[in-house]
Amino acid sequence: MNVPEHWLRSFCNPSLKTEKLAHLLTMSGLEVEACTPVAPPFSGVVAGEILSVARHPGADKLTVCIVNAGREKLQVVCGAPNVRTGMKAPLALVGTELGGVEIKAAILRGVESHGMLCSARELGLSEDHSGLLELPATAKPGEDVRRLLDLDEQVLTFKLTPNRADCLSVLGIAREVSALTRAKLASPAIKPVAPKSKAKQAFRITHAEGCGRFAGRVIRGVNAAAPTARWMRQRLERAGQRSISALVDVTNYVMLELGRPLHVYDQDKLKGAIDVRWGHKGEKLLLLNGQEVEVDATVLCITDESGPIGLAGIMGGESTKAETYTQNIFLESAFFFPDAVAGRARRYNFTSDAAHRFERGVDFSNNVDGIERATQLILEICGGEPGPAVDLVKRLPKRKPVRMRVARAQKVIGIPVTEKEVGGVFKRLGLPFSRKAGSFTVTPPSFRFDLEIEEDLIEEVARVHGFERIPALPPRAPAAMAAAAEVRRSLHALRERLAACDYQEVITFSFVEPQWEADLAGEANPIRLLNPIASQLSVMRTTLLGGLLAGVRYNAARKLPRIRLFEVGRVFLRDATAKDGPLEVAGLRQPTRIAAVACGPAIEEQWGIPSRPVDFFDLKADVEVLTYPRVASFEAAAHPAFHPGRSARILVEGREVGWIGALHPQWQQKYDIFQSVVCFEVDAATIQDIPLPKPSIPSRFPPVTRDIALLVDANISVQALLDAIADEKPAIVQEVRLFDLYQGQNLPAGKKSLAFRVVMQDTERTLTDAEADSARDALVALWGRRFTATLRT
C-alpha cells in the first residue's frame with residue numbers, strides 16, 4: 001500500500017525525518033518496503049504562461065511559442081500537440097538538468113529556442129508524454145514548479161501482514177504513528193451533512209450472517225461530469241489509484257483515508273428495493289471490469305428486483321454503475337463479515353481493493369462516518385441535494401474481551417515491563433481496558449480484528465515498547481548432549497543415502513491437482529481444501545509421485561538429459577481410526593514418505609561404460625541401499641501409476657512398506673513425459689527403524705564356492721527360493737545369490753533355469769570338499785521338497 005507522506009502528516013506530524021519514521025514503523029511491525037520521491041531531483045523548472053503560438057517556418061509538427069517565465073519572456077520551440085495560447089506549463093530554463101541532460105539554448109530548424117516546455121515524463125512524474133503537463137490556472141509565471149506541485153514529497157510503500165487490516169488506510173497508519181511517537185492524532189473533521197430533501201432508497205438485509213450493517217444516502221442533482229479536484233487527484237495518483245471520475249474518485253479517496261470501502265449506484269437504474277442476500281444458483285452478473293460471473297448460494301450479492309447488481313464487498317455491477325451523465329446517486333456503506341467475502345474474488349480469478357479489505361476485516365463502526373465524509377466531498381465537487389443518511393444494523397461482531405497477565409508478558413518479552421508502561425501502551429493504541437492486580441482485560445475496538453488471544457496483546461506491548469530496546473541475551477539453559485538412538489536413524493540420514501545415490505532433493509506442494517490423485521494413486525476421494533491457493537491445487541496429496549513427476553516434466557522440457565529427484569514429505573490419508581494427537585488429526589493420518597524418480601541415462605555419459613537408460617533394477621538397487629541393514633524383498637503386483645508387469649510391492653520383514661515400478665505409458669503420454677521414468681515410494685517410519693548391530697567374528701579361513709543350476713517351474717520367483725532356505729540352510733552356508741537365468745530352447749515346457757552361487761565358510765577350520773558338497777546337496781534337496789526343483793544336467 002502506498003501512502004503519500006504529506007497526506008499522512010496531515011493526520012499526525014511527528015518531529016521525525018522520513019527515513020527515521022520509516023525505520024520506526026518497520027521496527028514496530030509495519031514494514032516500509034520503500035520510500036520513493038514523487039519526482040527526481042531537479043531545479044530551474046518554473047511555471048510558464050504561453051502568450052502566443054505560431055507555426056514553425058521549417059517544420060510542420062513544431063510550433064514557436066512566446067512564454068512568460070516571470071522575469072522575462074522567452075522564445076521556445078515546442079512539439080507538443082496540446083500547446084495553446086493562455087496555457088500554463090512547466091518551463092525548464094537554460095542550465096536546468098533533466099534526466100541527466102542539460103537544457104541549453106539551441107537553434108532548431110533555424111529558430112532559436114531558450115528552454116523547454118515539459119511533459120510529465122520529462123519531469124519524471126509519470127510515463128505520460130502525450131502532451132505538455134498543464135499547470136493550474138492559478139499558477140504564477142516564474143513560480144517554482146517543485147513548490148507549486150508539492151514535489152518535495154516521499155511515498156511510503158508498506159508491506160502489511162494480513163492481520164493488520166486496520167492499517168489499510170492513511171488514518172490507520174496515522175494511529176500507529178501517533179502511538180509510537182506520542183504525536184497528536186488529528187482525525188479528519190466529519191460533521192453530519194444536513195439533508196436538503198427527503199429522498200431515500202429502500203433496502204433490506206435478508207441474510208445478516210453475511211452483511212451485518214448497511215447504510216446509504218441518496219444525493220440528487222449531482223454533476224457527475226465535474227472534474228475531480230486537483231489536490232484529490234494528486235493524492236490518489238501518489239497512492240497508486242488512477243483517477244476515473246469525480247464520483248469514483250471520492251469513494252476511492254474515502255477508502256484510502258478512512259479504510260471504508262464505498263460504492264455509488266445510479267439510483268435511476270435501480271429497480272425496487274436493494275436486498276443483501278446469498279446468490280441463487282444460475283444467476284449471472286456483469287461486473288464493472290467487464291467480466292460475467294455466475295453466482296451460487298455461497299456468494300453474497302447485492303440485488304434488486306432485477307437480480308444481482310453487485311458482488312457484496314467485492315465489485316459492483318455494470319447495470320447500475322454511475323456514468324458521467326448520472327444525476328441521482330445512491331451512496332452505499334456496508335459491513336460484510338470477512339467469512340462472507342474471503343476467497344470469492346479468487347474464485348472468479350480477480351481481486352479488488354474492497355475485497356482485499358473486507359476479507360481481512362473492516363471497521364464496522366464508521367459506516368455512517370464514511371457516508372458523511374463522502375457526502376461532503378461530493379457536494380464540494382459535484383454539488384447536489386443530499387437526503388437523510390439511513391443506517392440499518394442487523395448483526396455486528398461481538399468483541400470478546402482478552403485478558404493479558406503482566407507476568408506472562410514479562411516472561412514472553414524477556415524484560416520487566418511495568419504495569420504502568422503496559423497501561424500507557426494500551427492508551428496510546430486506543431485500546432479500552434480494565435485493570436486488576438497483575439492483569440489487564442482489553443476489549444478490542446471495532447477496527448482491530450487481530451486481537452483475539454493473550455499473545456496478541458503481548459505483541460502490541462512488545463512492538464510499541466520497541467523491539468530494538470529488547471536486549472539480545474544468549475540462552476542460559478544448560479546444553480545437554482542427547483544420545484542418538486541406535487535402533488532408529490534420522491530422516492536426514494536417509495536423505496544422505498539418496499544423495500549418495502546421485503539423487504537431488506526437491507520440495508513440492510502438499511496441495512496437488514485432483515487428477516494426479518486419481519491417476520497415480522487411484523484415489524477418487526482425496527481431502528479437499530476449502531480455500532485453495534490456486535484453483536488447480538485443490539486437494540491434499542496421498543502420494544509424493546505427482547510433484548516429482550511435475551519436476552521431471554519441468555526439467556525434461558528444459559533439455560536436461562538425466563534427471564534423478566527425491567522428496568521426503570508427508571502425505572494425507574483418510575483414516576477413521578486416527579485420533580487427535582501431536583501429529584495427527586481425528587480421521588486423518590499424515591505419514592512421512594520417501595519417494596524418488598529417475599529417467600535418462602543410468603550413469604553420466606563417459607568413455608569407459610556404454611550408455612544405457614535407467615531401468616527397474618537400478619532403482620531396486622537404490623531401494624536396497626536405502627533400507628540397509630534391513631533387507632528389502634520385492635513382490636510383483638499391480639499399481640495404478642505403474643506399467644503392468646513392471647511394478648512390485650516392496651516388503652521389509654514381510655511387511656509392505658512401499659511400491660516400485662516404471663511409470664505407466666498412459667500417464668507418460670498424458671503428462672507429456674517423453675522417456676521412460678522409474679519411481680519408488682516407501683514409508684519412512686518403517687525403514688527408520690533398524691536392528692541393533694550384531695558382532696560377528698570374521699573367518700581366517702578361505703571360503704568355498706559351489707554353483708547350482710536348478711530347473712524350476714517358470715512361475716516360481718527367485719525370492720521364494722531364497723526365502724525357503726533362509727531358516728533351514730546348513731550353518732556353513734554364508735551367502736546364496738543368483739547369477740544366471742535362462743529360459744529358451746533345450747528346456748522342458750514351463751520350466752526355467754536358475755544358477756545360484758553358494759558361498760560357504762567356517763570360522764574355526766578350513767572346509768573340506770566333502771563338507772561343501774554335502775551342504776550343496778542339502779540345499780538342492782530342500783528346494784526339491786518345496787518346489788520339485790531338480791538339478792539341470
Side-chain angles (χ1 to χ4, degrees), residues 498 501-503 515-523 542-553 555-556 561-567 593-603 610-627 631-652 654-683 687 712-723 737-744 750 752-754:
L498 285 174
C501 291
D502 210 14
Y503 290 89
Q515 198 59 50
W516 289 1
E517 292 300 307
D519 294 344
L520 303 176
E523 180 59 68
T542 63
T543 174
L544 303 180
L545 294 180
L548 290 173
L549 291 175
V552 169
R553 180 174 59 186
N555 286 279
R562 184 170 184 265
I563 303 168
R564 296 170 70 88
L565 306 175
F566 82 92
E567 180 173 12
R593 297 263 182 90
I594 301 174
V597 296
C599 68
I603 58 174
S611 179
R612 64 172 179 83
V614 68
D615 60 23
F616 176 95
F617 297 99
D618 291 312
L619 263 72
K620 177 176 177 289
D622 294 336
V623 171
E624 291 171 341
V625 169
L626 186 64
T627 60
V631 178
S633 59
F634 303 85
E635 181 181 278
H639 187 280
F642 299 143
H643 190 298
R646 297 185 190 174
S647 67
R649 185 181 290 112
I650 303 172
L651 306 172
V652 173
R655 177 182 174 185
E656 180 182 324
V657 298
W659 289 84
I660 182 173
L663 184 65
H664 198 295
Q666 179 182 358
W667 309 140
Q668 282 184 232
Q669 182 178 7
K670 180 174 181 178
Y671 294 111
D672 297 327
I673 301 173
F674 303 110
Q675 53 186 322
S676 177
V677 179
V678 190
C679 326
F680 73 78
E681 184 172 19
V682 296
D683 180 65
I687 61 176
V712 297
D713 292 338
N715 62 349
I716 296 176
S717 69
V718 173
Q719 190 64 50
L721 293 169
L722 296 176
D723 291 343
R737 63 176 180 269
L738 180 76
F739 70 87
D740 187 48
L741 163 66
Y742 175 73
Q743 289 177 296
K752 64 182 177 181
S753 172
L754 300 175

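- For residues 659-671, the pairs satisfying salt bridge (charged side-chain N to carboxylate O under 4.0 Å, His left out) are Asp519-Lys670, with sequence neighbours left out.
- In this structure, Lys752 contributes its side chain and Gly744 its backbone to no donor-acceptor pair below 3.5 Å.
- Annotation: the span from Ser633 atom OG to Ile650 atom CD1 amounts to 9.5 Å, rounded to 0.5 Å.
- At a threshold of 4.5 Å between non-hydrogen side-chain atoms, the residues Tyr671 and Leu549 do not count as touching.
- In plain terms, the two heavy atoms of Ala648 and Phe616 that are nearest each other are CB-CZ, 4.0 Å.
- Here Phe680 contributes atom CZ and Phe566 contributes atom CZ; the two are 9.0 Å apart, rounded to the nearest 0.5 Å.
- Side-chain contact between Phe634 and Glu624 is present, with heavy atoms from C-beta onward closer than 4.5 Å.
- Contact record, Trp667 with Ala641: CD1-O, 3.5 Å, taken as the closest heavy-atom pair.
- With rounding to the nearest 0.5 angstrom, the CG atom of Leu626 is 5.0 Å from the CG atom of Leu498.
- Summarising the geometry of Arg553 relative to Asp672, their closest heavy-atom pair is CG-O, 4.1 Å, with the distance given to 0.1 Å.
- The shortest distance between side-chain heavy atoms of Ile687 and Val682 falls below 4.5 Å.
- At a threshold of 4.5 Å between non-hydrogen side-chain atoms, the residues Leu738 and Leu754 count as touching.
- Note that CG of Leu663 and CG of Leu545 are 8.5 Å apart. Values are rounded to the nearest 0.5 Å.
- Not counting sequence neighbours, the partners of Ser717 by the side chain to side chain contact (heavy atoms under 4.5 Å, CB included) test are Gln719, Ala720.
- Side-chain contact between Ile594 and Glu681: absent, with no pair of heavy atoms (C-beta onward) separated by less than 4.5 Å.
- A heavy-atom distance below 4.5 Å is not found between the side chains of Arg564 and Cys599.
- The nearest pair of heavy atoms linking Pro601 to Pro561 is CD-O, 3.3 Å.
- There is no side-chain donor-acceptor pair under 3.5 Å between Gln743 and Ser753.
- Using a distance-only test at 3.5 Å, with no hydrogens or angles considered, no donor-acceptor pair links the side chain of Glu517 to the main chain of Gly522.
- A salt bridge does not link Asp615 to Lys620: none of the charged side-chain nitrogens sits closer than 4.0 Å to a carboxylate oxygen.
- Atom CZ of Phe739 is surrounded by more than 12 heavy atoms from other residues, nucleotides or ligands within 6.0 Å.
- Contacts classified as side-chain hydrogen bond (donor to acceptor under 3.5 Å, both in side chains) and involving residues 638-650 (residues at least two apart or in different chains) are given here: Glu635-Arg649, Arg649-Glu656.
- For Asp618 (side chain) and Val614 (main-chain N/O), no donor-acceptor pair under 3.5 Å exists by modelled atom type.
- Residues Val552 and Ile673 form a side-chain contact, since some pair of their non-hydrogen atoms from C-beta on lies under 4.5 Å apart.
- The minimum heavy-atom distance between Trp516 and Gly547, with the atom names listed, is CZ3-N, 3.7 Å.
- For the side-chain contact (heavy atoms from CB on, under 4.5 Å) with Cys679, the qualifying choice from Val597, Leu548, Leu520 is Val597, the only one to do so.
- Side-chain atoms of Trp659 and Phe642, non-hydrogen and from C-beta on, do get closer than 4.5 Å to each other.
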